[in-house]
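Some notes on the structure that comes next.
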There are 2 protein chains.
Amino acid sequence: MVNARQAIEAQSDGGKLLMSDVYQRIREDIIMGRLEAGRKLRIEELKAEYGTGASPLREALSLLIPEGFVDRLENRGFRVSGVTLTDFDDLLDMRCWSESRALRRSIERGGKEWEGEIVLALYWFSQAFPDHDAHDDRASERRRLHKTFHMALIAECGSPMLMELCSRLFDRNDRYRSLVNFAATAERNHVAEHEQIVEAVLRRDADAAVSALAEHYGKLRRQIEPILTP
Amino acid sequence: MVNARQAIEAQSDGGKLLMSDVYQRIREDIIMGRLEAGRKLRIEELKAEYGTGASPLREALSLLIPEGFVDRLENRGFRVSGVTLTDFDDLLDMRCWSESRALRRSIERGGKEWEGEIVLALYWFSQAFPDHDAHDDRASERRRLHKTFHMALIAECGSPMLMELCSRLFDRNDRYRSLVNFAATAERNHVAEHEQIVEAVLRRDADAAVSALAEHYGKLRRQIEPILTP
DNA sequence: TGGCGTCATTTTATCGACAAAACTGCCATT
DNA sequence: AATGGCAGTTTTGTCGATAAAATGACGCCA
């Protein structure tokens, strides 16, 4: 769970705060599965791992608690929050209806430049994809492009709160994505799935777009199920 | 055997950690408007006010950031996040559709004991209300009973995440509620508004319940508007 | 008057230290 | 063999001190 750091550090913008840096690194490490679910987060260990003192660490972990990535027990420290099939199903349901709403409103409100952003984001994502590679920074970059695409879809929904909700749910979902191994992922044709959504969006066919999106999100469910049922 | 420790834990919520206590106090102070929007939160001031060191304070404030109650600027400290009409409208919209969903699902799934909880919560709320009083602890108690009632309505939606979302939105909304003075509040017949919702719920009339709920939430909009338009 | 650099003061972010709590391994007792 | 203390070790939560950054005051000069 260590050395893919430079890329993320470089991207962390303006962060003269030691704490912001460690926050983003821990967050990404949890999302990418480098810090596995349920793992104890001992302050001394993290100090060595992330090269900082206890105060920035504790602040960073505190930020991650309301986001649902970290749990805390009184006098028993921090740990990475768990992943369960029940939680995933809840998440999937939340995502389907909140993004559906956001997508419908974007389709109503979005103009040509919105369409352009989507097409562009899809292009970059599809470029990144064939080059599949389980190596950490590649995976991080792919995740970034994937998120950029999905956020572009709903960018014109007109509600900052709804955008933030979708963003948070997306990141929580990526914890589950990182659980499926790469072979399984390669079975799906991700680019085609996304193209299908875009095609419906460009036709301004909200119903088709929403159902393609739901279908897209639902596919991970079938990959996750065998992993989380013991 | 009930030992003393459990009793204390049960009585003081989140008990032994100094930080949990200060977290809840600051949170409530922001929601109730005792810490007004935009106000600078200097650590030294807070140390005196809440009687603790810098570390618990910074952790508590960090928890409040993702919840949207506190903003942070690099090397410029913390401040209470702002309230605007735009933000309120976004919030109102989010609340209407997320609680509508939660309420519909509760009406589908909830049983007799769910109905009982609602009736009970309404009873306690209506008891607390006529005794109106702008005094702080009364206001806090009324807020608590009001929230208990609304959470009881959606308690059977079956989605922990949706419940948490509604809970967070409710608390953010209460910041706006605390802006309207008590005279204005007294003009409304709060108990009647809530009874109307309950009546529709007990008839299992989801459409009527949802629209009564939306109507209820919308009423604050008219009270807020003159306050936030300068 | 009004903009600008400089210096002193305040405020922030971080570190190291310490008391209290939790965990661990061991031994005696049943 | 299992249970229940008991001491030693780790780990947590909090405090005070300190360097870096921001803020504010003041005088200088156009």
Side-chain angles (χ1 to χ4, degrees), chain A residues 1 5 9 12-27 29-30 35-36 38-66 69-82, chain B residues 1-27 29-30 35-36 38-66 69-82:
Chain A
M1 60 168 166
R5 292 295 149 51
E9 262 179 54
S12 85
D13 48 347
K16 293 203 288 188
L17 254 58
L18 197 39
M19 173 261 158
S20 308
D21 189 41
V22 72
Y23 161 74
Q24 294 207 304
R25 285 165 61 193
I26 295 179
R27 191 174 196 276
D29 284 345
I30 293 174
L35 286 172
E36 64 273 30
R39 168 162 177 165
K40 189 92 178 50
L41 294 167
R42 281 188 207 83
I43 299 291
E44 286 301 318
E45 263 181 51
L46 299 182
K47 272 168 65 172
E49 175 66 23
Y50 295 93
T52 157
S55 317
L57 274 170
R58 298 181 66 89
E59 282 182 41
L61 294 174
S62 297
L63 283 179
L64 291 167
I65 291 173
F69 292 117
V70 167
D71 288 342
R72 184 174 189 179
L73 291 85
E74 308 242 322
N75 288 321
R76 226 159 287 179
F78 304 87
R79 51 181 56 232
V80 180
S81 66
Chain B
M1 176 179 64
V2 180
N3 59 32
R5 184 152 151 269
Q6 278 176 327
I8 292 168
E9 252 176 63
Q11 137 189 354
S12 75
D13 43 1
K16 302 181 297 187
L17 253 59
L18 198 38
M19 172 263 156
S20 308
D21 188 41
V22 71
Y23 161 73
Q24 298 215 303
R25 284 167 63 195
I26 295 179
R27 191 174 196 275
D29 283 346
I30 292 175
L35 286 172
E36 64 275 30
R39 166 163 179 171
K40 189 91 181 48
L41 295 166
R42 281 188 206 82
I43 300 291
E44 286 302 318
E45 264 182 50
L46 299 183
K47 272 168 64 172
E49 175 67 23
Y50 295 94
T52 121
S55 318
L57 274 169
R58 299 182 65 89
E59 282 181 41
L61 294 173
S62 297
L63 283 179
L64 292 166
I65 290 173
F69 292 117
V70 168
D71 288 343
R72 184 175 190 179
L73 290 86
E74 306 244 323
N75 288 320
R76 224 159 289 177
F78 305 86
R79 54 181 56 232
V80 180
S81 66

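Note: hydrogens, waters and symmetry copies are ignored here, and every other heavy atom, side chains too, is used. Just so we're on the same page: letters track the sequence lines, and every chain starts at 1.
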In whole Å, I'd like the distance from the [atom1] atom of [X] to the [atom2] atom of [N].
| X | N | atom1 | atom2 | value |
| --- | --- | --- | --- | --- |
| Glu44(A) | dC18(C) | CD | C1' | 13 Å |
| Ile43(A) | dT12(D) | CD1 | C1' | 8 Å |
| Leu17(A) | dT12(C) | CG | P | 12 Å |
| Arg42(A) | dA21(C) | CZ | P | 20 Å |
| Leu46(B) | dT14(D) | CG | P | 16 Å |
| Met19(B) | dA20(C) | CE | C1' | 18 Å |

| field | Residues in contact with DNA chain C, drawn from residues 47-60 of chain B - heavy-atom cutoff 4.0 Å | value | Arg58(B)
| message | Restricting to side chain to side chain donor-acceptor pair (under 3.5 Å), what partner residues turn up for Tyr23(B), sequence neighbours left out? | response | Arg27(B), Glu67(B)
| Given dG13(D), is OP1 or OP2 found less than 4.0 Å from the side-chain N or O atoms of Arg72(A)? | yes
Pairs under 3.5 angstrom, nitrogen or oxygen only, protein versus nucleotides 22-24 of chain D, please.
none

| query | Considering the options Arg79(A), Lys40(A), Arg39(A), which one meets the salt bridge (charged side-chain N to carboxylate O under 4.0 Å, His left out) requirement together with Glu45(A)? | reply | Arg39(A)
| Where the side chain of Leu18(A) is concerned, which of dG13(D), dT12(D), dC15(C) is the nearest nucleotide? | dC15(C)
